[in-house]
> 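Here's a structure for you.
Start at 1 with the first residue, then count along the sequence.
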Amino acid sequence: MMQKTWPSYIYKLFLGLVIITGLVFFINLLPFQGDVHAAEKDLQKVEVTFTSKGVPVFNTQFTIKNLQNAYNKIKSGNITSDNVNSSAWQETEQQRGVIVADTFGIGPGVQHTSEEAESILRKMLNSGADDLVNELNENSKSTSVFHYPNNVVRRYTDNDGKAVATTEVGLNGIFDNDGNLIQLLRVKHDSSNKFSVDINSSTDLFEGKITNLSNNMKANTNSYTVEFGQELTYQLTIDKSLLTQDLPLAINPQTNLVIDNVSIPFTKVPAYGDTISLQSLGITADSSINSNASLTVLKSQIQSKFYNNILWGYAVTVPKSDTSVTLTIKAHLAPEVKLNSQLQGATTDGSLIPMEFLVGDSDLSAQTNFFMNIVATTNTGSLDYSMPTVRTSGINFASVDASGKKLERKQSYILGYEKNSQKFVYGDNKWNPVNSLDNLDLSTVQTFSGGNQYYLGGSASAIPLNTKLFSFNAEENRKINESLIKFLGLGQGKNYFLYPVDSQDKGKKDLPFTVYNKDSLRSNGQRVTHTSIGEAHYEDYAINGLIPDYQAGSVEYNVTILDQNSMGTILRIIFGIGVICLLIIIVLILFVRKGR
């Protein structure tokens with residue numbers, strides 16, 4: 001029997017591919033653009049976690065560039081005639097039509113403070129004067145590309161937004177893949193160079209964190225899943241380099257993130273003044289409908305605008321100091337924020353219309369990351385910083401009868417949680433400790449009834465009808481909704497339970513559950529948010545199939561019978577195993593046929 005051999009051209013092609021692959025791999029292992037600098041340079045490893053308003057920025061390339069030389073020249077005024085006569089200096093003036101000395105305030109002998117020098121450098125980079133910065137920097141090998149921790153080949157951030165690079169000690173700039181400056185930061189002479197960089201922030205001279213929440217409440221690296229009404233303790237540390245004189249700060253939270261107190265005197269300032277102008281909001285009144293209908297539409301649009309933006313700012317002045325200063329900010333997430341104001345631009349005669357706004361409510365979503373932005377006003381411009389974000393979560397329930405196969409209408413429940421063997425039940429917008437769930441005084445607790453969407457600590461609204469169904473039947477939809485309860489405004493980390501009001505008569509037990517709102521990454525690089533709203537734990541597919549607004553993976557309902565708790569999981573496992581077995585059989589059949 002003759003032995004089969006590869007044709008020579010296939011062998012040569014295979015050998016060539018192996019050699020090319022090896023060369024590419026070897027080249028990728030080599031540092032890029034100055035990862036290895038001159039031996040006399042003080043190099044340090046830098047680890048950065050990149051976020052965008054609290055959400056990790058994954059699979060993205062960033063670079064770091066040492067700018068200490070340019071900073072030194074701007075600060076000391078040690079700018080030479082060669083710098084002034086360089087092509088970079090001249091072209092900057094010609095292309096921008098400006099005088100560099102006047103625009104940026106730099107020149108031979110012109111000295112600046114540390115804060116001013118950083119601000120000037122930031123201004124130059126943000127205005128496109130990169131060539132001039134490079135001329136002053138005189139360090140052509142100062143740029144390094146961030147890569148995966150412990151993997152230099154993968155030159156982008158990992159799933160948590162983390163990446164590392166090696167750079168020189170001193171002032172460095174972080175740049176995105178388009179060369180835009182994100183932030184300036186200082187690399188130290190030790191191994192403590194770990195930074196959190198929010199791509200919406202412009203400075204590393206602030207450090208913000210939430211101090212009273214545990215790690216099991218994290219939605220991701222820089223965001224937490226919390227209850228409505230839960231106290232949030234923020235700490236903002238301001239670098240002493242910004243405090244050579246009094247520093248005005250504006251604390252700007254998203255509307256439903258309400259500030260309760262600041263550790264120094266503050267003033268609450270309306271973001272839109274005493275009146276709300278439709279023009280300033282980018283809203284136009286619809287003159288084609290009657291005035292009452294127009295005001296209803298306008299009110300809804302204004303509420304949605306405010307929900308995603310800032311309604312009030314909080315102004316503080318941080319006294320000058322020789323040391324860094326830490327502020328404490330107390331806040332909470334509110335389901336509803338009321339505003340009484342005058343509306344301008346809704347009438348043709350320009351008159352003001354008094355209107356009460358309720359921000360939140362139907363606009364509330366578990367997908368919202370509530371932000372808190374810090375803006376500092378300095379002599380050389382403003383600095384922006386983003387504090388960690390917060391979000392909330394919830395859960396959906398479908399009441400079923402004792403058989404677990406039929407929806408049961410108009411059932412009522414008590415909401416509670418347990419900690420260290422102590423039970424708490426919700427009532428009067430707070431959690432109240434109880435010794436036992438038996439013989440509760442229902443006048444002291446809040447009951448939650450079928451047919452409603454509840455916002456913890458806020459109002460309730462009827463679950464809307466799903467008019468998009470092809471077989472929509474309003475009466476049938478309404479009846480089914482009376483078996484459903486939806487909660488929004490619950491947080492991670494608590495052992496909640498739902499307790500039927502009629503338990504004492506029927507001997508039912510409390511139904512334990514937890515909620516969550518977390519991010520993860522699929523194998524294809526797509527970020528996915530997992531919530532307890534979209535992933536039922538006590539699931540019954542037959543029951544969920546009856547519910548008009550049920551959407552697998554998006555809006556799922558937990559049945560209220562405990563012995564149903566594992567059915568959904570078991571069915572999913574069986575289905576997954578079946579699919580895998582089927583694929584294995586198909587592959588084996590194909591191999592057998594190919595071998596014949």
Side-chain angles (χ1 to χ4, degrees), residues 209-220 223-235 257-258 260-261 328 330-335 364 366 370 388-397 412-448 454-458 460 485-504 507-518 530-533 535-538 558-563 565-566:
K209 56 187 177 181
I210 301 177
T211 61
N212 68 324
L213 301 181
S214 59
N215 285 335
N216 65 355
M217 297 183 69
K218 282 191 172 182
N220 52 47
S223 183
Y224 295 83
T225 301
V226 302
E227 274 185 5
F228 287 147
Q230 181 175 1
E231 182 179 81
L232 307 173
T233 303
Y234 293 81
Q235 279 190 353
L257 182 55
V258 178
D260 301 308
N261 194 30
T328 299
K330 298 281 189 178
H332 71 277
L333 199 57
L364 291 169
F370 292 89
T389 60
V390 293
R391 62 176 75 168
T392 192
S393 190
I395 195 167
N396 306 321
F397 288 98
S412 296
Y413 300 86
I414 295 165
L415 179 65
Y417 80 91
E418 184 172 355
K419 181 179 181 181
N420 299 328
S421 299
Q422 172 68 63
K423 283 183 167 61
F424 298 81
V425 296
Y426 197 79
D428 195 24
N429 292 336
K430 63 181 186 295
W431 295 104
N432 305 289
V434 294
N435 295 324
S436 170
L437 296 177
D438 296 329
N439 301 315
L440 282 174
D441 182 358
L442 296 183
S443 65
T444 63
V445 299
Q446 181 174 350
T447 56
F448 300 87
Y454 290 96
Y455 306 102
L456 195 71
I485 298 179
K486 306 178 80 168
F487 291 99
L488 185 66
L490 304 178
Q492 283 178 197
K494 278 186 176 176
N495 297 315
Y496 293 104
F497 62 81
L498 202 63
Y499 186 69
V501 169
D502 62 356
S503 287
Q504 296 154 22
K508 293 183 181 178
K509 297 181 179 180
D510 54 297
L511 179 72
F513 67 92
T514 57
V515 304
Y516 54 89
N517 188 343
K518 297 181 178 180
H530 300 276
T531 73
S532 43
I533 295 173
E535 299 172 351
H537 179 62
Y538 305 108
N558 295 271
V559 295
T560 56
I561 296 293
L562 279 172
D563 59 7
N565 61 354
S566 60

> If every non-hydrogen atom of Val434 is compared with every non-hydrogen atom of Val425, which pair is closest and at what distance?
CG1-CG2, 3.6 Å

> Are the side chain of Thr225 and the backbone N or O of Asn517 linked by a donor-acceptor pair below 3.5 Å?
yes

> Can you name the side-chain contact (heavy atoms from CB on, under 4.5 Å) partners of Ser223, sequence neighbours left out?
Ala219, Asn220, Asn369, Thr389, Arg391

> Side-chain contact test, heavy atoms from C-beta onward, threshold under 4.5 Å: evaluate it for Leu511 versus Phe497 and give yes or no.
no

> May I ask you to test the Leu213-Gln230 pair for a side-chain heavy-atom distance under 4.5 Å?
yes

> Please report the interatomic distance OH(Tyr224) to NZ(Lys218), rounded to the nearest 0.5 Å.
4.0 Å

> Would Tyr413 and Phe397 count as a close aromatic pair, with their ring centres under 6.0 Å?
no

> Working to the nearest 0.5 angstrom, can you tell me the gap between Leu490 CG and Tyr516 OH?
13.5 Å

> Can you sort out the partners of Asn216 under side-chain hydrogen bond (donor to acceptor under 3.5 Å, both in side chains), two or more places apart, ordered by chain and number?
Ser214

> Below 4.5 Å, heavy atoms only, C-beta onward: do Gln492 and Lys518 meet side chain to side chain?
yes

> What are the two closest heavy atoms between Val226 and Thr392, and how far apart are they?
O-OG1, 2.8 Å

> Between Leu257 and Leu232, is any pair of side-chain heavy atoms under 4.5 Å apart?
yes

> Below 4.5 Å, heavy atoms only, C-beta onward: do Ile533 and Leu488 meet side chain to side chain?
yes

> In the structure I gave you, are the side-chain heavy atoms of Pro335 and Leu364 within less than 4.5 Å of one another anywhere?
yes

> Supply the atom-to-atom distance Ser532 OG to Asn558 CG, rounded to the nearest 0.5 angstrom.
8.5 Å

> Hey, could you give me the OH/CD1 distance between Tyr234 and Ile210, rounded to the nearest 0.5 Å?
4.0 Å

> Mind checking the CG-CD1 spacing from Leu440 to Ile414? Nearest 0.5 Å is all I need.
5.0 Å

> Side chain of Asp441, backbone of Ser443: donor and acceptor closer than 3.5 Å?
yes

> Under a 3.5 Å cutoff, is there a donor and acceptor pairing between the side chains of His530 and Glu535?
yes

> Do you know the tightest heavy-atom contact between Ser393 and Ala366?
CA-CB, 4.4 Å

> Taking all non-hydrogen atoms of both residues into account, name the closest pair between Phe513 and Leu498 and its distance.
CE2-N, 3.8 Å

> Could Glu418 and Lys494 be called an ion pair, given the rule that one side-chain N must be under 4.0 Å from one carboxylate O?
no

> Over all heavy atoms of both residues, which pair between Pro433 and Gln422 is shortest? Give the atoms and the distance, please.
CB-NE2, 3.8 Å

> Is any side-chain heavy atom of His332 closer than 4.5 Å to a side-chain heavy atom of Glu231?
no

> Can you name the nearest heavy-atom pair linking Asn212 to Thr233, along with the distance?
OD1-N, 3.0 Å

> When you look at CG of Asn435, are more than 12 heavy atoms from neighbouring residues, nucleotides or ligands closer to it than 6.0 Å?
no

> In this structure, which one of Trp431, Tyr496, Tyr454, Tyr417 forms a side chain to side chain contact (heavy atoms under 4.5 Å, CB included) with Tyr426?
Trp431

> About how many Å separate CG of Asn396 and NZ of Lys486, when rounded to the nearest 0.5 Å?
5.0 Å

